[in-house]
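Worksheet: one structure, shown below.
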Amino acid sequence: GGQWYGGQFNSYDQSVTTDSSGNYAVDFTGQLDLLDYDYAYVRYTDVNGNQSAVNTLAAGSPWKTQAEEDVINNGATLKVSTFGSSNGGAISVPMFYTHSGGTAVFASRIGSLYITAPDGAIYDMGMWFFAISNATPGKWKVQVRIGGGEGNQYAMAAGTAHHTYYVMLPIVMHTN
């Protein structure tokens with residue numbers, strides 16, 4: 001297990017108890033106290049070299065807040081957002097966003113966007129922010145290609161922007 005503290009990751013090795021079904025338990029009491037944004041990633045390796053891993057999900061995520069702010073600060077109404085944890089190089093579980101017209105706005109954190117449009121087109125360009133004017137209405141599948149190593153948190157958000165266009169008419173000034 002481990003914990004980020006002041007930009008540094010602290011890792012802890014701990015003894016594991018295993019039952020006859022292969023279930024295991026680890027006790028980090030006194031070494032690792034999880035706070036609101038903390039989560040645990042545990043990788044277990046048995047004597048034969050077999051590995052398994054589990055993640056806990058934090059109560060909240062600053063990465064989710066930042067992805068939501070990216071959508072909102074670009075003139076869109078936030079429609080959906082989520083966060084989770086997975087291993088670097090993996091593609092996250094999908095988040096679905098129903099677009100009804102206008103500009104579709106997408107943002108991610110700790111990985112790049114992997115977006116599937118309603119017509120099956122895939123947008124996988126290594127970007128953490130992406131907006132599509134006059135996007136196809138329908139159900140969009142939004143995922144994150146996760147960066148980093150094992151057990152990284154990621155976040156994504158999507159929204160809709162409706163821009164107003166103004167017609168500028170010439171001003172005619174009369175002088176007497």
Side-chain angles (χ1 to χ4, degrees), residues 1-11 32-41 53-171:
Q3 182 177 40
W4 284 100
Y5 181 76
Q8 172 99 13
F9 184 77
N10 298 314
S11 180
L32 183 63
D33 296 319
L34 297 180
L35 305 173
D36 288 347
Y37 291 144
D38 292 336
Y39 64 102
Y41 172 81
V54 294
N55 294 316
T56 63
L57 195 56
S61 171
W63 305 121
K64 179 181 171 219
T65 301
Q66 289 179 10
E68 291 170 344
E69 288 172 352
D70 284 348
V71 168
I72 293 166
N73 291 340
N74 280 281
T77 301
L78 180 67
K79 298 294 184 178
V80 64
S81 63
T82 191
F83 70 100
S85 62
S86 190
N87 293 335
I91 295 179
S92 72
V93 295
M95 172 184 79
F96 293 97
Y97 159 64
T98 302
H99 184 67
S100 58
T103 301
V105 179
F106 305 96
S108 66
R109 282 290 185 265
I110 314 304
S112 60
L113 291 161
Y114 185 92
I115 303 168
T116 306
D119 64 3
I122 294 176
Y123 299 90
D124 183 15
M125 301 168 292
M127 300 173 73
W128 290 31
F129 180 84
F130 191 57
I132 306 168
S133 297
N134 300 314
T136 305
K139 191 175 190 177
W140 291 70
K141 183 168 78 169
V142 185
Q143 295 171 278
V144 175
R145 185 179 295 281
I146 298 153
E150 291 182 299
N152 275 354
Q153 238 184 44
Y154 64 88
M156 58 188 137
T160 304
H162 295 282
H163 299 287
T164 305
Y165 296 94
Y166 297 92
V167 177
M168 301 301 286
L169 300 174
I171 297 174

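Values below: all heavy atoms of this structure, side chains included; hydrogens, waters and symmetry mates excluded.
- The NZ atom of K139 sits 10.0 Å away from atom NZ of K141, with the distance rounded to the nearest 0.5 Å.
- With sequence neighbours left out, the side-chain contact (heavy atoms from CB on, under 4.5 Å) criterion links I72 to L78.
- Note that the OG atom of S108 and the CD1 atom of I146 stand 10.0 Å from one another [nearest 0.5 Å].
- Here OG of S112 is found 11.5 Å from CE of M156. Values are rounded to the nearest 0.5 Å.
- Here side chain to side chain donor-acceptor pair (under 3.5 Å) pairs that include residues 113-128, with residues two or more places apart or in two chains, are D124-R145.
- Residues P137 and P118 come closest through the heavy atom pair O-CG, 3.8 Å.
- Residue W140 qualifies as enclosed at atom CH2: its count of foreign heavy atoms under 6.0 Å is above 12.
- Here the CH2 atom belonging to W63 is positioned 15.0 Å from the OH atom belonging to Y154, to the nearest 0.5 angstrom.
- At least one side-chain heavy atom of F129 sits less than 4.5 Å from a side-chain heavy atom of N74.
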Please list every donor-acceptor pair under 3.5 Å in which a side-chain atom of residues 89-98 meets a protein atom from a residue at least two apart or in another chain.
residue: S92; atom: OG; partner: V144; partner atom: N; Å: 2.9
residue: Y97; atom: OH; partner: H99; partner atom: ND1; Å: 2.7
residue: Y97; atom: OH; partner: G159; partner atom: O; Å: 3.0
residue: Y97; atom: OH; partner: T160; partner atom: OG1; Å: 2.5

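- Distance check, rounded to the nearest 0.5 Å: CE of M127 to CD1 of I115 gives 9.0 Å.
- Across all their heavy atoms, A107 and D70 have their closest contact at CB-CB, 3.7 Å.
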Hey, mind stepping through S81 and E68 against side-chain hydrogen bond (donor to acceptor under 3.5 Å, both in side chains) and telling me if it holds?
CA-CA 7 Å; S81 63; E68 291 170 344; 2.5 Å; yes
